[in-house]
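Structure first, then comments.
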Number of protein chains: 4
Amino acid sequence: MEGTIMEEIIGFIGLGNMGAPIAANLMQAGYRLKVYNRTASKAARLVDQGASLASRPSDVAEPGGIVFTMLADDRAVEEVCFEPNSFIESLGPGGIHVSLSTIAPATARGLADHHAKHGVAYVASPVFGRPEAAAAKRLWVCMSGSSSARERAKPILNAIGQGIFDFGEDPGAANVVKLCGNFLIAAAIEALAESLVLAEKNGVALKDLAEMLGKTLFSCPVYQGYGKQIAAQQFEPTGFRLALGFKDINLALQTAALNSVPMPTASLLHDRWLAAIAKGRADMDWTAVALNVAEDAGLR
Amino acid sequence: MEGTIMEEIIGFIGLGNMGAPIAANLMQAGYRLKVYNRTASKAARLVDQGASLASRPSDVAEPGGIVFTMLADDRAVEEVCFEPNSFIESLGPGGIHVSLSTIAPATARGLADHHAKHGVAYVASPVFGRPEAAAAKRLWVCMSGSSSARERAKPILNAIGQGIFDFGEDPGAANVVKLCGNFLIAAAIEALAESLVLAEKNGVALKDLAEMLGKTLFSCPVYQGYGKQIAAQQFEPTGFRLALGFKDINLALQTAALNSVPMPTASLLHDRWLAAIAKGRADMDWTAVALNVAEDAGLR
Amino acid sequence: MEGTIMEEIIGFIGLGNMGAPIAANLMQAGYRLKVYNRTASKAARLVDQGASLASRPSDVAEPGGIVFTMLADDRAVEEVCFEPNSFIESLGPGGIHVSLSTIAPATARGLADHHAKHGVAYVASPVFGRPEAAAAKRLWVCMSGSSSARERAKPILNAIGQGIFDFGEDPGAANVVKLCGNFLIAAAIEALAESLVLAEKNGVALKDLAEMLGKTLFSCPVYQGYGKQIAAQQFEPTGFRLALGFKDINLALQTAALNSVPMPTASLLHDRWLAAIAKGRADMDWTAVALNVAEDAGLR
Amino acid sequence: MEGTIMEEIIGFIGLGNMGAPIAANLMQAGYRLKVYNRTASKAARLVDQGASLASRPSDVAEPGGIVFTMLADDRAVEEVCFEPNSFIESLGPGGIHVSLSTIAPATARGLADHHAKHGVAYVASPVFGRPEAAAAKRLWVCMSGSSSARERAKPILNAIGQGIFDFGEDPGAANVVKLCGNFLIAAAIEALAESLVLAEKNGVALKDLAEMLGKTLFSCPVYQGYGKQIAAQQFEPTGFRLALGFKDINLALQTAALNSVPMPTASLLHDRWLAAIAKGRADMDWTAVALNVAEDAGLR
C-alpha cells in the first residue's frame, strides 16, 4: 500500500549542495524525514517544511529503517559509519543504508561487509547531475547492492531522479559506473579543449564549431553544455568544482590500479587537473582545465 | 529556376566507398554527371544510371564548371590537381573545385592558392558520416572557401547530406573542423575502451553500462554506436578502417605542430592507433583500438 | 674515542634482502647488534656472528640508544612505530630511529612528529643500491633529520655505504631524494626500452648500441647495467622486483599530488609498470617493463 | 702510406657551427680541403688556413673523391644531392659522400639508393657533441654504410672525434642510433626537470640533489651537465637550440611511425618541446623545457 510507505520515516545525513535538494524532493514525495547535518543551520529550510532535526547522526535511524547519506568523500562516509554507536547500529537488522556519495568501489564493498555484521544492507546509489538537476528531480541514479534492499529503495529513489539504472548485487558496481561516467566527462572536456584551441589558432569561429558538434556527432548534454562553455571561455559560475573532479579522477585511477587496468587517458587527466589546481583553479568549474591547453599553446 | 540548375554538368573524380554513393545522390537530385575513377569498372553502376565516363580526370571538367573530388588523401588530391593539363586548367576562370576529402588544412590552403592562379575557386567540403550515411543522404557537410563559390556549391551539397555547416572564407577552416571532429571521436573511443575494461574487471555488465551512458550523459550517435560495439567487443565489419583513423589523427597532430598547439590526447591516440597497426589491425574497424586496453590489463 | 663508540649496542629491525647484509656490515665494523625479524630464522646467521636476538621489536631498543629499521613499506614502518609499547617508547629521550626504508616523505614527517613526543629523533636514511651493493658496503646513503641525531648517525652509516649525502633538517627530504632517484632510474629504463625497440626494428645490433651509449653520453651505472640487460632481453634474475618499482613510482606520484606537481613522465611509468603487473610480471626484474614496448610494436 | 692519404683533397659542404670546426680539424690533420658554404663569408677563416673555396657545391668534388656534408636538415641534404649537376655527379664512380647531419634514416637510405646510380657510396656519420666538442676533436662519431667506403672514411673521421662506432652496412643505421641518442638525452632532461620541481617544492637544495645524482647513479656527462643547468635554472647560453631538439624528437617519432613502434615517452617530449616553442623559447637552450614543469606546478 502506498499509504503505508508514506508513513515510513527516512533518515538523511548530509545536507550540502546535493543533499539538501534531494532531501526536499523526498519530503515532497510524501516521506517523513529525520535529518542530520554537521552544520545544523543548513537544515533550517527542511525543518520549516516539516523535517525533524537530529542532534547526532545515529538519531536519524529507526530500527529496521532506511538512512540516506550524501557526504563529501570516502573518509566522511566511513567516519559516520564506523563511529561508536553509529547510525548503522541504530538501524540494526533489516535496516538499509542508501549511500548517494561518489566513493571508491572498494570503500563501498568494505562498508557493505561492515554493515552486514549489524544486519544492515548497503545500497550504493551514486547519482549523475548537478545541484540544479537534483532540485528538478532530474538526477540519473545508479544502483547496486543486495537484491531485497534494492527493491525496497527503488520506489524511494524514483522520487529524486528521472531514471534508475540497476547494476546488480555487487555493492561496488554502482560506484564503478559512476567513476566511469565522471571519467568519460572529464576526458570529453580535455578533448574538447584541445580541439577548440586547435580551431582557435586556425581562426575558426569556436561558437560555430561547438554548435556544429552539438547538433551532429555529439548531440548530447555533455558536449553541448561543456562545448559551449569552453568555446566561450566561461568558467564561472562553478557547476562542479575542479577539485572534486580531481578527486573522482583519482578514485578511478586508484580503482584501476587495484584492478591492474592501465588507463592512460585517466593519467593524462590527473596531470591536467593537478596543473589547474597548482595554478590556483581548484574552486573554479572543472571546465577551467581548458586553460591549460591554451597556456601550453602560448595563448592567454 | 531549378530547371536551369539541373542542366549543369558536374564533374566527379573518385568513386570509392564514399564517392560512389555521393555521386549517385547528385544524379538522383537531377544533376548530370561526368565521372572519372582510376579503376574505371567502379563507375559502371553510375554509367548505367546515366553518368558519362571520362578517360582522364581533366575530361570531367567544363570551362567555368564544377568538379567534385573524393580521394584517399592529401597526396592523391595534389596529384590530380598539379598534373600537367589538370582538370583545374580545364575548369579555368569561374570554375569551382569542391573537395570532399579529409586532408590537412595546409594542403587545402595550398590548393586554393594554386587554383587561384587559374581563376578556379577551391571549396573545402569534408563530410562526416560512413558509406551507409552517404548512401542515405545523411552526411554532415562542413564547408569553407570563397564566398561566391560557396553560394554556388551549397544547393548542390544539399543533395548529399542532411545539413551544411559553413565556416567562412578560409579554405583550410572546414578541414580543421573535420580533423577536430575525427579527433574527438577517436578520443571518445579510447576513453570508452578504458572505462569499459575498468568496468569489466569489476564484473559490471558492459551492455548495461553502455546503454546507461547512451541514454543519459552521452545520448548521441558516437557514444551510442561505439559504446555498443566496444561493450560487445565487435570490431567487424569495418565501418571506418583503423589505418584511416591513424591518418586523420596524424593530420591533426601535424596541423597542431604547425600551429604550436600541444595536444596530449592526440599524442596518446597516435600511440594507441600505432600499437593497433603494429599488432596487425590496420584493416579492422577503428574501435579495435579497444583491444589495446584489454591487453594492457592482462585480458584476452 | 672510537673504542667507546664500538661499545654502543645498535638495535636492528628488518632482516630481509637489504637489512641482513647491512646489519652484517654494522657488526663487521665493530658494533654490537640486537636484532629482530618477524621470521626469526632469517636472523640465524647474524646470531652466529654474535648478534643477540630479540623476541619483540621493542626489545632491540636501549634507553637513549639507536635503532635501525629496514622494512618493506610505509605501513610496516608505521605499524612497528605506532604499536603499544613500541621500540620508540623503549628508546625514549635521547634515542634515535634511523629509518632506511624507501617511504613517502609525508610518512617520514609524520613519524618524526610522533617520535618527538617521546623525545626520539627520526633520521631518514634511505639507500641506493641492490642487495649485492649492500653486502659490498657500496650503498649510497641519503640522510636528513635533526642535526644532532644526524651527527651521531653518520659514523655508523659510514660503515654500510660508500658515501653519505646530507639533505638537512627536514625528515622528509632524504625520502624525496630517494623517490627522485628511483623515478629517474625508471624513466631511463622506459626510454632505453623505447629506443632499443626502434633500433631493433631497424636492424641495429642492440648490444653495440647499448655499449656505445654506455661508453659515451651515458657512461654511468644505470645506463650501462640496464642498457645491457634490456638489449639482451634478460629480465632474470630479479635485481629489483617490478612490483617494488611500482610502489616507488606511486610514492613519487602521491607526493607530487600533495605538492601539486604534475609529473607526466611518472604518470606514463605508472601505466607501464601497471601493465607489466597485469601481464603477470610483478616478480620479475623491473627492466621487464621493456616487454611492453616490444609488445606494443607487435614483437614477441 | 700516410703521406699518400694526406695528398687527398676532401670536399666539404656546410660550414655552420658544427661544420666549420670539423673542417678545421680535417685540415689540421693534414687533409687539403675544398669548401663550399651558401654564405661564403663563413669560409674566410678556413681559406686563410689554406682551404680553397668553391663557388658551387659541385665544385668541391673530384672524380672518385670524398665529400663531407654538414647541413641543417633532411631537406638541405636532399637539395644539394638532387640538384642538376650535383656534387654526386661530379664525384661519380668510386666517390664517397660522408654525411654528418642528423637526418631521418629513411632519408639516408633514399640518398644511398640515389647515389648508387652514380656509383657513389653513402656513408652516414652523424656525430654526438656540441660545437665546443667539435672544436676540441671530442665528437663521438656513429657510422654506417657500405663496407669499403667505411674503411676509406674511418681514418679521416678519426681526425674529428674521440671515437668511432660502426653500425654496419645499412646506410640508415647510424642515423637511427643518433636519433636514439638524442631522444634519450631529451627524455633525461624532462625527467630531471620533473624530479627537480618535486624536490624544490619539498625544500630540497637542488644543487645538492643534482650533485648527488651526478656522483652516484648518473655519473655521466648528460646528467651532470644538464642536472646542474636545470638545478640552477640557467638556460643561456644556448648549447643546443630547443627548436633543433624538437626537429630530432620528430624525426624519431616519424621513424618510429614508419616502423610501427609506439614511443609514448617521445610523444610526451613532442608535446613538451612544442609547448616551449609556443611560449617563445625556440632559440633558448633545450633545457628550457624544464620551465614547463615549473609552470604546470604553479611556479614562476
Side-chain angles (χ1 to χ4, degrees), chain A residues 105 128 140 142 144 163 165-168 170 172-173 176-177 179-181 183-185 187-188 190-192 194-205 208-209 211-213 215-223 252 255-256 259-266 268 271-272 293 296-298, chain B residues 105 128 140 142 144 163 165-168 170 172-173 176-177 179-181 183-185 187-188 190-192 194-199 201-205 208-209 211-223 252 255-256 259-266 268 271-272 293 296-298:
Chain A
F128 285 106
W140 299 106
C142 296
S144 70
F165 295 87
D166 191 332
F167 291 93
D170 171 15
V176 170
V177 168
L179 294 180
C180 286
F183 158 71
L184 286 168
I185 300 171
E190 169 68 21
L192 275 167
E194 293 183 18
S195 63
L196 287 167
V197 171
L198 178 62
E200 180 180 352
K201 282 231 180 164
N202 279 278
V204 171
D208 293 353
L209 171 52
E211 262 181 39
M212 187 276 288
L213 294 169
K215 279 183 185 165
T216 59
L217 307 162
F218 297 102
S219 53
C220 54
V222 167
Y223 285 81
T255 305
N259 297 143
S260 295
V261 180
M263 294 179 73
T265 301
L268 166 58
D271 294 336
R272 288 297 216 178
V293 183
D296 278 357
Chain B
F128 285 106
W140 299 106
C142 296
S144 69
F165 295 86
D166 190 333
F167 290 94
D170 171 17
V176 169
V177 168
L179 294 180
C180 286
F183 158 71
L184 286 167
I185 299 171
E190 167 69 22
L192 275 167
E194 293 183 18
S195 63
L196 287 167
V197 171
L198 178 62
K201 282 231 180 166
N202 279 278
V204 172
D208 293 353
L209 172 52
E211 263 182 38
M212 187 276 289
L213 294 169
K215 279 183 185 163
T216 59
L217 307 162
F218 297 102
S219 53
C220 54
V222 167
Y223 285 80
T255 304
N259 298 144
S260 294
V261 180
M263 294 179 73
T265 301
L268 167 58
D271 294 336
R272 289 298 216 178
V293 182
D296 278 358

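Below, chains carry the letters A, B, ... as their sequence lines are ordered, and counting in each starts from 1.
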For Ala297(B), is there any backbone N or O sitting under 3.5 Å from a side-chain donor or acceptor partner on Lys201(B)? yes
Contact origin within [X] toward chain A - heavy atom pairs under 4.5 Å:
{"X": "Leu196(B)", "result": "neither"}
{"X": "Leu268(B)", "result": "side chain"}
{"X": "Val222(B)", "result": "both"}
{"X": "Ser144(B)", "result": "neither"}
{"X": "Phe128(B)", "result": "side chain"}
{"X": "Asn202(B)", "result": "both"}
{"X": "Ala256(B)", "result": "both"}
{"X": "Leu198(B)", "result": "both"}
{"X": "Leu179(B)", "result": "neither"}

Considering only heavy atoms, which portion of Leu213(A) lies under 4.5 Å from any heavy atom of chain B: side chain, backbone, both, or neither? side chain
What part of Phe218(A) lies closer than 4.5 angstrom to a heavy atom of chain B: side chain, backbone, both or neither? both
Side chains of Thr265(B) and Thr265(A): closer than 4.5 Å at any heavy-atom pair? no
Of the listed residues ([options]), which shares the most heavy-atom pairs with chain A below a 4.5 Å separation?
{"options": "Ile185(B), Asp170(B), Val293(B), Asp166(B)", "value": "Ile185(B)"}
{"options": "Val204(B), Asp271(B), Thr216(B)", "value": "Thr216(B)"}
{"options": "Ala191(B), Gly298(B), Cys220(B), Ala266(B)", "value": "Cys220(B)"}
{"options": "Val261(B), Asp296(B), Leu217(B)", "value": "Leu217(B)"}
{"options": "Ser260(B), Ala187(B), Ala173(B)", "value": "Ser260(B)"}

First locate atom CZ of Phe165(A), then atom CG of Leu209(B), and finally report the distance between them rounded to the nearest 0.5 Å. 10.5 Å
Looking at every heavy atom in both Met263(B) and Ala252(B), which two are closest together, and how far apart are they? SD-O, 4.5 Å
Option that, when pairs with chain B are counted at under 4.5 Å, heavy atom only, ranks first among Gly203(A), Gly172(A), Ala205(A), Ser195(A): Ser195(A)
